[in-house]
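Letters A, B, ... mirror the listed sequences (proteins, then strands); counts begin at 1. Side chains included, hydrogens not; waters and symmetry mates left out as well; all remaining heavy atoms used. Values in this document were obtained by computation on a predicted structure and should not be read as measured data.
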There are 2 protein chains.
Amino acid sequence: MEQGPNEGRGIKSDETLFDIVEHIQDLDGAGVTELAEGLDIAKSTVHGHLTTLRDRGLVVKRGQQYHLGLKFFEYGQYVRSQLDIFQSGMFAVDRLEAETGEMSWLITHQNGKAIYVYGRGGDNDIDVNTILGTQVHMHFNSGGKAILAHLPDEEVERIVDEHGLPARTENTITDRERLYDELEQIREQGYALNLSEDLEGIQAIGVPLMVNGEIQGALSVAGPAHRMSKERCEGEILDHLRAATDEIDLTLAYR
Amino acid sequence: MEQGPNEGRGIKSDETLFDIVEHIQDLDGAGVTELAEGLDIAKSTVHGHLTTLRDRGLVVKRGQQYHLGLKFFEYGQYVRSQLDIFQSGMFAVDRLEAETGEMSWLITHQNGKAIYVYGRGGDNDIDVNTILGTQVHMHFNSGGKAILAHLPDEEVERIVDEHGLPARTENTITDRERLYDELEQIREQGYALNLSEDLEGIQAIGVPLMVNGEIQGALSVAGPAHRMSKERCEGEILDHLRAATDEIDLTLAYR
DNA sequence: GAGCGTGTTCGGGATTTTCGAACGGGATTC
DNA sequence: GAATCCCGTTCGAAAATCCCGAACACGCTC
């Protein structure tokens, strides 16, 4: 049979396996027929994969519906705990939230996307747990921009090539040159702002987390624009962020 | 080729895929050769699977080492947030920790094992995050026993058949009959104790979480024996646990 | 009780996984 | 500084295996 565009070395059956996993996630649980039709593969094929997944605890069957299993949660917790910055970053987020009363985040990056690793809600009523673990574009996220600013130019370019610069609001940076200019400025001032570039009315500030001269992640504080003015961000909140990164540096140095 | 003992319907290639994933986890990151030798399969086969996994963000390559990727964390957070009891259970754990000053947990079960879903450390210095997400036997865990007590007898038997009753300390229940007797008692009194049955010097109390008459999980409070006396567990702490479950019942009823 | 909708099983054909050997690059060693 | 080792990666070919479609079993509704 003919080959796909850039494929040939991967394992096709693994591909369909995770197509199934993701489809179950998209549908919040699904049946065999539903999955087979949605992915356009035979019912028996889907059934085979589900059987293997079930034996391993990666999928559970409730009635006639298959759902993702808590084995994924076990893997996920393991992966998070393996991050160098996790321990100290978590501690920093807890304190940032207490000091500022605003939503605080520990963020890292992988494959050109920013990932929310740990967060606390602040006085907001937003549910931290629906955000936790999600992957977002880096160019409309204060932490993401702080990370981008400390990545090699070629890698930034590669990331933009791969993921593009989609707009979220009318303030989102969608122009390559403007992004590069802002990254330059972020490097100089040591922090990144997000002025309603992701969600209308939400502003944030983020600072990079460096370990041994390499960017490992970012800390950020976010909140409604009326409380998170540019002045407050660059004053009080930046001071807290700087104190937090200093302490993380110290912790990781004496590891 | 000949067939395995009870296999035949699963997908073999999926099986090796997750063998690789688990081996990477066991080794905290590994190279291709290392994995191939450890699992006794060809290097090129391992490489093929890793390529697919990498394309999907499930695995990342740092230097010559492959590590599990944060995509697993994304899946894991999703699975946890899907649990019916998660929202209200998390809230309850936060309050239990504040009220008692002891380590508090939300636990659920899947495939006959207890899983730590959410926890807070209390005044202890134990790291909650290394426990979070792990799966443990139910018979030496206060929450696990509370869950077992409300499962159908046949399922309890199935679970014991599958996972056995391994000892952790000399107080661990390793006898079927003694377990059944204690489960009966737990059903009557409405709570389960753990008196150094898991770790020497650690005691705990757990209560079941029922939704629509079906067991969904448990809440537990644990701490060092000198603070977590049987009297304190069955008095003050049980009161807090009862208040917490009442509130969860209310929340889930008005859903 | 017939009909529809599930999930599940089965066998055979063909795609694809698997293997082993060869390739290329980086570090270490003599 | 060159040769060697060890690693990850690529390649081609044999056959084991995955995939398909049809048939089966089961529960529900009409």
Is it true that A/Asp153 and A/Arg158 have a side-chain N and a carboxylate O under 4.0 angstrom from each other? no
Ignoring hydrogens and angles, does a donor from either the side chain of A/Thr33 or the base of C/dG7 sit under 3.5 Å from an acceptor on the other? no
B/Gln65 has an atom CD; how far is it from atom P of C/dA27, in whole Å? 15 Å
Atom CD of B/Gln64 and atom P of C/dT28: how far apart are they, to the nearest Å? 12 Å
Quick one: B/Lys12 NZ to C/dT15 P, roughly how many Å, whole number? 21 Å
Specify the separation, in whole Å, of atom CG of B/Asp40 and atom P of C/dT18. 14 Å
Write down the distance between CD1 (B/Ile11) and P (C/dT8), rounded to a whole number of angstrom. 14 Å
At 4.0 Å (heavy atoms only), tell me whether B/Thr16 reaches a base, stays on the sugar-phosphate, or touches nothing. sugar-phosphate
Over how many whole Å does the gap from A/Leu39 atom CG to D/dC18 atom P extend? 18 Å
Below 4.0 angstrom from OP1 or OP2 of C/dT17, is there any side-chain N or O of B/His49? no
Quick one: label B/Ser13 by what it contacts on the DNA or RNA (base, sugar-phosphate, nothing), any heavy atom closer than 4.0 Å. sugar-phosphate
Are any of the side-chain nitrogens in A/Arg187 or A/Glu184 under 4.0 Å away from the carboxylate oxygens of its partner? yes
Nucleotide nearest B/Ala42 (side chain, heavy atoms from C-beta), chosen from C/dG20, C/dT16, D/dC20: C/dG20
Do B/Ile215 and B/Leu209 have side-chain heavy atoms sitting under 4.5 Å apart? no
A/Ser44 side chain: which of C/dT8, C/dC19, D/dC20 is closest? D/dC20
Taking only side-chain nitrogens and oxygens of B/Lys43, does any of them come within less than 4.0 Å of OP1 or OP2 of C/dC23? no
Residue-phosphate contact under 4.0 Å: B/His47 side-chain N/O, D/dG8 OP1/OP2: no
Would B/Lys71 count as a cation-pi partner of B/Tyr75, with NZ or CZ less than 6.0 Å from the six-membered ring centre and within 45° of the ring normal? yes
In this structure, how many angstroms lie between the P atom of C/dT18 and the CD1 atom of B/Ile41, rounded? 8 Å
CG-NZ distance between A/Asn111 and A/Lys113, expressed to the nearest 0.5 angstrom: 10.0 Å
If you check the A/Tyr66 side chain, which of C/dG7, D/dC18, C/dT17 turns out closest? C/dG7
Rounded to the Å, how far apart are A/Arg54 CZ and C/dG7 P? 12 Å
Picking from C/dT8, C/dC19, D/dC18, the nucleotide nearest the side-chain atoms of B/Thr45 would be C/dC19
Regarding A/Gly48, tell me which of base, sugar-phosphate or nothing describes its non-hydrogen contacts under 4.0 Å with the strands shown. nothing
